[in-house]
Chemist: 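Below is the structure I would like to discuss, written out as structure tokens.
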Number of protein chains: 2
Amino acid sequence: MEQVCVGVDIGGTSVKLGIFTLNGDLLKKWEIPTEPKNDTKALIEKIGKSIKETLKEARLTLTDCVGVGMGVPGPVMPNGFIEIVVNIGWREVFPARILSDLLAGMPVALGNDANVAALGEAWMGGAKHQQDSVMVTLGTGVGGGIIIDGKIVPGKHGLGGEIGHMHVRESETEKCNCGGKGCLEQISSATGIVREAKRLLATKKVASRLALLEDITAKDVLDAAKAGDEIALEVVDTVSKYLGIALSHLAMTVDPEVFVIGGGVSKAGDFLIDKIREKFEYYTPITKNKADIVLAKLGNDAGIYGAAKLVLG
Amino acid sequence: MEQVCVGVDIGGTSVKLGIFTLNGDLLKKWEIPTEPKNDTKALIEKIGKSIKETLKEARLTLTDCVGVGMGVPGPVMPNGFIEIVVNIGWREVFPARILSDLLAGMPVALGNDANVAALGEAWMGGAKHQQDSVMVTLGTGVGGGIIIDGKIVPGKHGLGGEIGHMHVRESETEKCNCGGKGCLEQISSATGIVREAKRLLATKKVASRLALLEDITAKDVLDAAKAGDEIALEVVDTVSKYLGIALSHLAMTVDPEVFVIGGGVSKAGDFLIDKIREKFEYYTPITKNKADIVLAKLGNDAGIYGAAKLVLG
């Protein structure tokens with residue numbers, strides 16, 4: 001039987017799992033609820049049991065599986081230690097060790113979920129065939145992951161790829177969740193896009209279809225921008241500007257081959273990518289030979305792909 | 001006989017060379033002028049001849065030497081190709097191949113000088129014993145180098161560690177050499193420090209010892225700041241602020257263990273480091289567990305150390 005590996009993506013509501021060939025073909029994927037919370041051992045036991053059962057259903061044994069990778073929604077220290085993961089209530093644990101013990105000592109790798117998603121896109125998604133890439137995930141927040149020589153740059157304090165908390169806007173007055181002011185996440189996340197739109201609607205007295213909506217979503221803003229709405233276009237301009245600045249910082253430091261843009265906001269597609277590229281070019285006049293900017297390809301599966309790749313090294 | 005390696009640091013005026021043990025002990029260092037320019041082959045031949053002669057003087061043979069590393073003042077592509085190095089007049093060459101041919105096929109490695117200096121500091125200087133570090137060189141310009149897992153991150157377009165051209169100041173109106181506006185180099189280089197001081201002297205009507213000088217240098221500004229001069233202190237505050245922002249970007253992306261500050265401006269010592277650290281802490285509220293900031297230790301020898309290490313891999 002062909003050898004396989006397993007990717008586990010632990011989110012706040014559900015745990016996604018996938019069985020992969022070592023070449024990156026997804027053989028099976030499934031989900032279980034993230035329950036119980038606040039009890040690492042109990043959740044890891046459920047994950048271990050689910051993996052064993054599903055391997056068995058696929059007529060695979062533990063020895064057919066070369067290892068399991070896990071992505072978690074919080075910072076992971078270089079030794080695999082997790083100090084705290086707020087939204088699943090984990091505190092001071094070594095989750096990979098627990099799972100490995102339950103799976104007969106099988107290798108288990110652990111990474112931050114945004115970094116792991118970046119690795120997934122680098123393995124089988126938007127940055128496939130590239131050794132150096134940076135993924136930026138535009139969701140409720142802004143996450144990211146840096147891949148150099150095919151490997152995650154996890155950082156020495158668990159901050160590797162925390163692109164959303166780059167301080168890019170000097171004039172910002174409101175505080176970000178991190179305690180800072182002017183973070184990329186405050187502008188270019190779904191939440192940030194809505195906030196920018198509300199700010200502009202309050203200050204600019206021009207007609208906008210957004211003014212007619214009871215509650216504005218990031219999708220509303222992007223759709224309105226595509227339709228030529230002035231306020232929405234200004235929001236997208238600001239969002240793209242600060243993304244362009246953040247990407248230019250990354251180009252002037254790790255200088256990847258390609259940037260991969262993912263997350264819910266990226267569903268705006270090439271319209272958004274073109275705007276980001278325009279700003280990125282403006283902020284990188286130093287060279288004409290620039291990194292490419294592409295859309296992510298794996299959607300919500302990036303995490304399980306990357307987790308599986310993580311254990312393959 | 002113990003095995004050795006050679007480091008070559010090619011500058012605009014002189015070529016520095018050093019013979020090292022594989023453990024990083026500098027056995028001998030010397031210099032030759034960077035002549036002729038605009039002729040890669042002729043200069044490399046002089047370097048090769050000088051290496052052979054000096055090895056011979058030290059009673060070493062070519063087989064005692066495991067390889068030569070070279071740092072050059074310009075971008076180096078991943079395959080060792082140099083498109084252009086302006087201040088020595090090199091164009092479209094593979095310099096490592098030329099030197100290797102002259103040294104009986106000996107391994108020759110090539111890197112950008114700022115990256116190579118960062119590697120030197122990581123090997124035997126301020127970041128010794130750290131696997132992940134970032135060096136920032138505050139000289140006439142601002143250069144840098146990123147070391148992850150003990151290796152340079154050279155970048156896919158030769159821009160790895162081009163920290164000086166991070167766009168950090170939104171309000172800047174003057175153009176940088178790179179064609180952009182608001183680059184770190186415009187503020188925190190020796191040139192930038194003088195410019196900031198002149199700007200403030202022109203706009204702020206407070207007494208300053210700097211107003212008495214015919215020509216201001218960066219050292220004058222830093223000395224005046226140490227002595228409590230109001231204008232000079234404001235300059236150092238601005239210089240440190242944008243350095244702190246740049247370091248915070250690096251902390252939120254590659255998250256090194258330590259930042260190493262070098263170059264002529266860093267001779268201001270702990271006074272400057274403390275100011276930078278204060279700003280860095282302000283811009284990284286996300287965690288208390290932060291990268292250290294230290295002074296470079298190798299001075300002008302960082303380049304030959306790093307070049308030697310480059311060929312050791």
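Quantities reported herein were computed from a predicted structural model and do not represent experimental measurements. Below, read A as the first sequence line, B as the second, and so on, with proteins coming before strands; counting in each chain starts at 1.
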Chemist: Within a radius of less than 6.0 Å around CG of A:Asn177, do more than 12 heavy atoms belonging to other residues, nucleotides or ligands occur?
Modeler: no

Chemist: How far apart are the closest heavy atoms of B:Ile146 and A:Val254, and which atoms are they?
Modeler: CD1-N, 4.2 Å

Chemist: Should B:His167 and A:Met252 count as side-chain neighbours, where that means a heavy-atom distance under 4.5 Å?
Modeler: no

Chemist: Roughly how far, to the nearest 0.5 Å, is OG1 of B:Thr284 from NE2 of A:His157?
Modeler: 10.0 Å

Chemist: What option among B:Gly182, B:Gly160, B:Pro75 has the most heavy-atom pairs under 4.5 Å with chain A?
Modeler: B:Gly160

Chemist: Evaluate the side-chain proximity of A:Ile148 to B:Ile148: yes if any heavy-atom separation is below 4.5 Å, no if none is.
Modeler: no

Chemist: Measure B:Lys290 against the heavy atoms of chain A and call it side chain, backbone, both or neither at under 4.5 Å.
Modeler: backbone

Chemist: For atom CD of B:Glu172, is the number of surrounding heavy atoms from other residues, nucleotides or ligands below 6.0 Å larger than 12?
Modeler: yes

Chemist: Of all the heavy-atom pairs spanning B:Pro285 and A:Gly179, show the shortest one and how long it is.
Modeler: CG-C, 3.6 Å

Chemist: Please classify the contact between B:Ile286 and chain A as side chain, backbone, both or neither, with a heavy-atom cut-off of under 4.5 Å.
Modeler: both

Chemist: Checking heavy atoms, do the side chain of A:Lys175, its backbone, both or neither come under 4.5 Å from chain B?
Modeler: neither

Chemist: Can you tell if the side chain of B:Tyr242 reaches within under 4.5 Å of the side chain of A:Glu170, non-hydrogen atoms only?
Modeler: yes

Chemist: Would you mind checking which part of B:Ala246 comes under 4.5 Å of any heavy atom in chain A, side chain (CB onward), backbone (N, CA, C, O), both or neither?
Modeler: neither

Chemist: Heavy-atom count check: over 12 atoms from other residues, nucleotides or ligands less than 6.0 Å from B:Arg91 CZ?
Modeler: no

Chemist: Would you call B:Lys156 and A:Asp255 a salt bridge, taking side-chain N to carboxylate O under 4.0 Å as the test?
Modeler: no

Chemist: What do you reckon, is OH of B:Tyr282 surrounded by more than 12 foreign heavy atoms closer than 6.0 Å?
Modeler: no

Chemist: Taking CD in B:Glu257 as the centre, count heavy atoms belonging to other residues, nucleotides or ligands within less than 6.0 Å. Is the count above 12?
Modeler: yes

Chemist: Do A:Ile245 and B:His249 have side chains that approach each other closer than 4.5 Å (heavy atoms only, starting at C-beta)?
Modeler: no

Chemist: Below 4.5 Å from any heavy atom of chain A, which atoms of B:Thr253 appear? Answer side chain, backbone, both or neither.
Modeler: both

